[in-house]
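In what follows, a single structure is set out as structure tokens and then discussed.
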Protein chains: 2
Amino acid sequence: MVKRLSLGEENCPVARALDVIGDWWSLLIIRDIFDGLHRFGEIQENLGVAKGVLAARLRNLSERGVLETAPASDGTAYSEYVLTKKGRGLFLVIVALRQWGEAYLYERGEKHSLLVETATNRKVAALQLMSSDGRELTCDKTSVQKLAK
Amino acid sequence: MVKRLSLGEENCPVARALDVIGDWWSLLIIRDIFDGLHRFGEIQENLGVAKGVLAARLRNLSERGVLETAPASDGTAYSEYVLTKKGRGLFLVIVALRQWGEAYLYERGEKHSLLVETATNRKVAALQLMSSDGRELTCDKTSVQKLAK
DNA sequence: TCATCCTAGTTCTATAATAAGACCAGATCG
DNA sequence: CGATCTGGTCTTATTATAGAACTAGGATGA
């Protein structure tokens, strides 16, 4: 590939975000950690990803501060991967992807997993974009202003 | 790579979504179209992506119903790329990525573009996850239920 | 304690994807 | 009608990935 282009210097936050987690596996790894998988082997088995690729991804995500290693919670000498605050900030990205997938990528009647509020076991609401004063916005009511702040 | 693994059959909506738009360029292309770039040349120049890669991505996104070609709005015989309803559904994914990028990937004082409500020119509000009855939820109050409905 | 299994990787090789640029046909412009 | 623009395709060098084999150190159990 002659070295994949880097987007880390862009002044578009979307490009920078994708520079960190926009590759083929990172968001799935992060989803798995949100879902309670913390050990290398658990994630590797769940995703079916090559171990070398998983090791490289985990290393990259650690270096970039999305996740970190911690001593295993089961008392053994192994370590496990947990999300940092920055990593937990990706929750809404994953929720948005999930809701888009649910809406457009399943046939009627086809089963899929569901994100629920743990306490009530009820499905969460659809994400909505709001204006600064609380009105609902659609994509055609917004625009991107270059180089602000 | 011995053929990249496909995630299209997964029953996790996040995985299916990433199967469609989880590669290195698709979301940036879609962002560009949201930002008003509709012609091949505009997108190619803005992203700096190889033309062959862009052509392949546009073809793939068309086949999957995320975007489609339409006659050029400037009257010439060329065509342009526009988002379908399914494609416009990705707006919140891009907003979520943008807000994460803004929050975690810029130094204090570093400039970046801004998403505003066009009519008022005011910054949009941060996305929030809500329960079915309108309470704010954080990631630790939710869980994924396998194989529902 | 020692043999064995498990865990979390690293290393290796083939094949696929990408970047970069040359090339090209048809549309457009002057 | 000649020059240039548009929207690609094709080619090549290089990188990334999948898949499998290998390994070192920890855990397990007899």
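The chains referred to below are lettered A, B, ... by the order of the sequence lines, with proteins before strands, and numbering in each begins at 1.
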- Task: Determine which pairs satisfy side-chain hydrogen bond (donor to acceptor under 3.5 Å, both in side chains) with at least one residue from residues 78-87 of chain B, sequence neighbours left out, and list them in order.
- Result: Ser73(B)-Glu80(B)
- Note on the structure: To the nearest angstrom, the CD-P distance between Glu45(A) and dA8(C) comes to 11 Å
- Is any side-chain N of the basic residue among Glu102(B) and Arg98(B) closer than 4.0 Å to the acidic one's carboxylate O? yes
- Stretch residues 67-77 of chain A: residues that reach within less than 4.0 Å of DNA chain D through a heavy atom: Thr76(A), Ala77(A)
Please set out all donor-acceptor pairs under 3.5 angstrom arising from side-chain atoms of residues 40-54 of chain B, sequence neighbours excluded.
| residue | atom | partner | partner atom | Å |
| --- | --- | --- | --- | --- |
| Glu42(B) | OE1 | His38(B) | N | 2.9 |
| Glu42(B) | OE1 | Arg39(B) | N | 3.1 |
| Gln44(B) | NE2 | Val49(B) | O | 2.9 |

- Nearest to side-chain heavy atoms of Arg57(B), which nucleotide of dA19(C), dG19(D), dA17(C): dA17(C)
- Query: What is the distance, rounded to the nearest whole Å, between atom CD of Gln44(B) and atom P of dA19(C)?
  - Reply: 11 Å
- Who pairs with Thr138(B) by side-chain contact (heavy atoms from CB on, under 4.5 Å), at least two apart in sequence or on another chain? Asp140(B), Lys141(B)
- Pairing residues for Asp35(B) by the salt bridge (Lys or Arg N to Asp or Glu O under 4.0 Å) criterion, not counting sequence neighbours: none
- Query: In whole Å, what is the span from the CG atom of Asp23(A) to the C1' atom of dA18(D)?
  - Reply: 15 Å
- Item | Tyr104(B) side chain vs Val66(A) backbone, donor-acceptor pair below 3.5 Å | no
- Task: List in chain and number order the residues that pass salt bridge (Lys or Arg N to Asp or Glu O under 4.0 Å) with Asp32(B), two or more places apart in sequence or in another chain; answer none if no residue qualifies.
- Result: none
- With sequence neighbours excluded, tell me which residues meet salt bridge (Lys or Arg N to Asp or Glu O under 4.0 Å) with Arg31(B). none
- Message: Below the 4.0 Å mark, does dA18(D) have OP1 or OP2 next to a side-chain nitrogen or oxygen of Trp25(A)?
- Response: yes
- Task: With sequence neighbours left out, write down each residue that passes salt bridge (Lys or Arg N to Asp or Glu O under 4.0 Å) with Arg122(A), or none if nothing qualifies.
- Result: none
- Provide, to the nearest angstrom, the distance between the CD1 atom belonging to Ile43(A) and the C1' atom belonging to dG9(C). 13 Å
- At under 4.0 Å between heavy atoms, which parts of nucleotides 2-11 of chain D does protein reach? Answer with one letter per nucleotide, 5' to 3': B base, S sugar-phosphate only, - none. ---BSBBB--
- Task: Quickly work out the Leu37(A) CG to dA8(C) C1' distance and round it to whole Å.
- Result: 16 Å
- Provide, to the nearest angstrom, the distance between the CG atom belonging to Leu28(A) and the P atom belonging to dT17(D). 13 Å
- Message: If I take atom CG in residue Leu5(B) and atom C1' in nucleotide dA16(C), what distance separates them, rounded to the nearest angstrom?
- Response: 12 Å
